[in-house]
Amino acid sequence: MNTLLTLGDNLKTFWDYTGMANATFGHIIMILVGLFFIYLAISKEYEPLLLIPIGFGILIGNIPFNEAAGLQVGIYEEGSVFNILYQGVVQGWYPPLIFMGIGAMTDFSSLIANPKLFLIGAACQFGIFGAYIAALMWGFAPNEAGSIGIIGGADGPTAIFLTSKLAPQLLGAVAISAYSYMALVPVIQPPFMKLLTTKKERVIKMKTPRVVSQTEKILFPIVGLLLTTFLVPSGLPLLGMLFFGNLLKESGVTRRLAETARGPLIDTITILLGLTVGASTQATTFLRPESIKIFVIGAFSFVVATCAGILFVKFFNLFLKKDNKINPLIGNSGVSAVPDSARISQIVGLEYDNTNYLLMHAMGPNVAGVIGSAVAAGIMLGFLY
Amino acid sequence: MNNLKQLLFLSALILLVSCAIKEENPRWVINEVMVDNQTGFMDNYGQRNGWIEIFNNTYKTQDLGGRYLTDDPNNPKKYPIPRGDVLTKIPPRQHALFWADNEPFNGTFHVNFKLDSSKDNYIALYENDGKTLLDEIVIPAGLPADKTYGYPADGVKYDQNGNTLATQLERITPSSNNAILEENPKVVSLQKNDPIGVTITITSMLVVFLGLILLYLIFKAIGNTAKNISQRRIASAGTLSAVRGESQLTGEVLAAISAAIHELNQDVHDVESTILTISEVRRKYSPWNSKFYALRQEPRK
């Protein structure tokens, strides 16, 4: 009889530790969200390199377990493996490493050849501050609004970096929102690009960019670093690493380092970042009304950024000579979702003129957007930290 | 080019001027001092004495061990702070409290001098070499009992004009922040002065545009210079590329012209033994060069 009682107790204890006993409605919802991300990545090929780790991370983070038992398995439990990996997000050192990889893989030639495209990258940052205003009006504190606003920069690492400093409690929601909308750039941007441009504007053919010398390419990261960080020193971790990575690429004498930065290193960090950001969406901390508000404002910020870029190009064209006009379809690419938004410019441009290749032109504002959003993040940090 | 030179000169000038007028706060700050302690904070021995609070004014852990505290300008090495005590490792933006009780054998944080409220009290902290001054302060005579003298905000010695901010403090805060930070002052100020964020938006967008406009101007100037140099080089080389440098034709058109010229120059096949042609060529059959024998036969069903 005693044996049976002990067996019963053991089974009850075992049951208390199972996922089934600890599952809540929230866990199930989050697991479905994770599965949806994996579906989007595999079936629709929306940003698979990000959505697969994030989607699977959501599954990992939402496996229910007995949190009171102190098993040290959850991402928020100090000392757990996931918590250790998550420190790169919390302490903000994954994003600068990713920026180094981005710098090492980005060719800034189109921007150097046509530097006026810098201004489109600046205009698109209206998305950040439009969302900041929206978040303030929706009742968020200024530091939280800053973290939410940065979603409009369409730059995952920047969003994570800034949020980890300003409002760590919103990290999961901001990161998921930023990466989700970056993946949905092909869905969000084209309708606004078509809405805000005329048929005549969509077929503008831009001048072929001039060939950029190696000296100019080497000067770019050095001058870019000195200028932007003297202006906004708080952007140093992101801008410093971005330009450093670019110098590795362009110097021509550090090929091995550049290949590591843009290859194995960025891949490793992307895996860790994606997985831990996904896992940080534990239902008990993630499923709150604020998260839904953040998603709504995030979508709004992408729309504002896209529209601001396109309208700015139209405005800019008023001052440019006839043979030097910019096709407004590259205005959307000032958001820094590299290279997706530039690809959208190319695809939409080809719809109206199948001989008009906008990709190289769109890469200019696209990489300017990376610099612009890092500068904007630095400003936010300076004002709000 | 002249514009670029002017821009660079102006930037360098602004940078130098801003560097020159900036009065920097030191790494260690003698942050708050109580000279006459009648009813205040007691040490571990239950005694009340004057105390000196030192603030680590950096964002890294620093060790006070081996440095010197003194109340005598002629004797900088008066109290050597003992080395090897883990408690002298002060975390970023934190404080260390020294008792001015003239009881150095009571522990690391008990110095070998006392403070006297009837006269000015000079206090200084010296580097390990006993020569480099890290920070100093003079507490004016007549500071009331149980009152402290120091800086209203931790580690901030000077105002924007370089004037010292040392004053008698309203609150006595041994080993804690002189200004109690309950909330982020920047956030509180923004909530009050810019509730819907318009001002910060305008300011930030101006900074973003300023940064990228500066990049635009610099790279436009660099681009123009690079173009001029390369055109000069090409022109002096006298090659076909010189045409490209001088002409307004696009890359595609020039590529087509170059390909046509190349084809024309290479069109000398009639004197060569092997000719690339679409005409049928007859060759004698030889089993030695037949690939047929080298292939596996396709299985028949």
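Under a cut-off of 6.0 angstrom, the local environment of CZ in F209(B) is crowded, with over 12 non-hydrogen atoms contributed by other residues, nucleotides or ligands. By the neighbour-count criterion of 12 heavy atoms within 6.0 Å, atom NZ of K220(B) is sparsely surrounded, having that number or fewer from other residues, nucleotides or ligands.
Partners of K217(A) according to the side chain to side chain contact (heavy atoms under 4.5 Å, CB included) rule, which considers only residues two or more places apart in sequence or in another chain, are D107(A), S109(A), I112(A), V212(A), Q214(A), E250(A).
For the residue pair R93(B) and N56(B), no side-chain donor N or O sits within less than 3.5 Å of a side-chain acceptor on the partner. Of the N and O atoms on the side chains of N366(A) and S341(A), at least one donor lies less than 3.5 Å from an acceptor on the other residue.
Contact annotation for L231(A): only side-chain heavy atoms (C-beta onward) come within less than 4.5 Å of a heavy atom of chain B. Heavy-atom distances place the side chain of T203(B), and not its backbone, under 4.5 Å from chain A. There is no contact between L111(A) and chain B, counting heavy-atom distances below 4.5 Å.
Contact annotation for residues 116-136 of chain A against chain B (heavy-atom separation below 4.5 Å, listed by residue number): K116(A), F118(A), L119(A), G121(A), A122(A), A123(A), Q125(A), F126(A), F129(A), Y132(A), I133(A), L136(A).
Most heavy-atom pairs under 4.5 Å with chain B: of the set M137(A), R210(A), M380(A), this distinction falls to R210(A). Comparing A141(A), G378(A), G372(A), P142(A) by how many heavy-atom pairs each has under 4.5 Å with chain B, the most go to P142(A). Among L210(B), V198(B), I200(B), L190(B), the residue making the largest number of heavy-atom pairs under 4.5 Å with chain A is I200(B). Considering only heavy-atom pairs separated by less than 4.5 Å from chain A, the leading option among A226(B), P195(B), S204(B) is S204(B).
Each of L170(A), T163(A), L162(A) was scored for a side chain to side chain contact (heavy atoms under 4.5 Å, CB included) with L166(A), with one residue passing: L162(A).
In this structure, N57(B) contributes its side chain and P26(B) its backbone to a donor-acceptor pair below 3.5 Å. Although no hydrogens or angles enter the test, the distance criterion places no donor-acceptor pair under 3.5 Å between the side chain of K157(B) and the main chain of N25(B).
The aromatic rings of F319(A) and F315(A) sit perpendicular, their planes meeting at an angle over 60°, well past the 30° parallel limit.
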